[in-house]
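Just the heavy atoms: all of them, side chains too, but no hydrogens, waters or symmetry mates, feed the values below.
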Amino acid sequence: MNFGPAERTPIQRQEIADRAMAITLEEERHAKAELLALYDQYVAGEVDLYAISIHVGEQTRQRLLALIAAGPTSS
């Protein structure tokens, strides 16, 4: 798996997953059960954000991958 420095802990991944879900919901209008399960797996450290990004459109994919570089908004 490919977790960056801003994705090391479940808390960091939860915050990124929450923001990623907001992007996904905004862009895709509704999340499928499979996508929701992937976010849970991401927070648990079982998949990386790339695994989620391949299930969405290109514009959403770019926004999700940008979250990795930005990291969590809180400390």
Only counting residues at least two apart or in another chain, list the ones meeting side-chain hydrogen bond (donor to acceptor under 3.5 Å, both in side chains) with Gln62.
Glu58
Report the residues that fulfil side-chain hydrogen bond (donor to acceptor under 3.5 Å, both in side chains) with Asp40, sequence neighbours left out, ordered by chain and then residue number.
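side-chain hydrogen bond (donor to acceptor under 3.5 Å, both in side chains) list for Asp40, sorted by chain: empty.
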If you look only at distance, which donor and acceptor atoms sit under 3.5 Å apart when one is on a side chain in residues 42-53 and the other is two or more places apart or in another chain?
from  : atom 1 : to    : atom 2 : distance (Å)
Tyr42 : OH     : Glu7  : OE2    : 2.9
Asp48 : OD1    : Tyr50 : N      : 3.3
Asp48 : OD1    : Ala51 : N      : 3.2
Asp48 : OD2    : Asn2  : N      : 3.3
Ser53 : OG     : Tyr50 : O      : 2.9

Of all residues at least two apart in sequence or in a different chain, which pass the salt bridge (Lys or Arg N to Asp or Glu O under 4.0 Å) check with Arg13?
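Partners of Arg13 by the salt bridge (Lys or Arg N to Asp or Glu O under 4.0 Å) criterion come out as none, since no residue qualifies.
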To the nearest 0.5 angstrom, please state how far the CG atom of Asp18 sits from the CD1 atom of Ile23.
11.5 Å
After noting the C-alpha distance and the side-chain angles of Met21 and Leu36, does the key distance pass the side chain to side chain contact (heavy atoms under 4.5 Å, CB included) rule?
CA-CA 8 Å; Met21 179 64 75; Leu36 294 172; 3.0 Å; yes
Please confirm whether the backbone N or O of Gln12 pairs with a side-chain atom of Glu15, one donor and one acceptor, at under 3.5 Å?
no
hydrophobic_cluster_shared for Ile11 and Tyr39, side chain cutoff 4.5 Å
no
Work out which heavy atom in Ile16 is nearest to a heavy atom in Ala6; give both atom names and the distance.
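So the minimum-distance heavy-atom pair works out to CD1-O, 3.6 Å.
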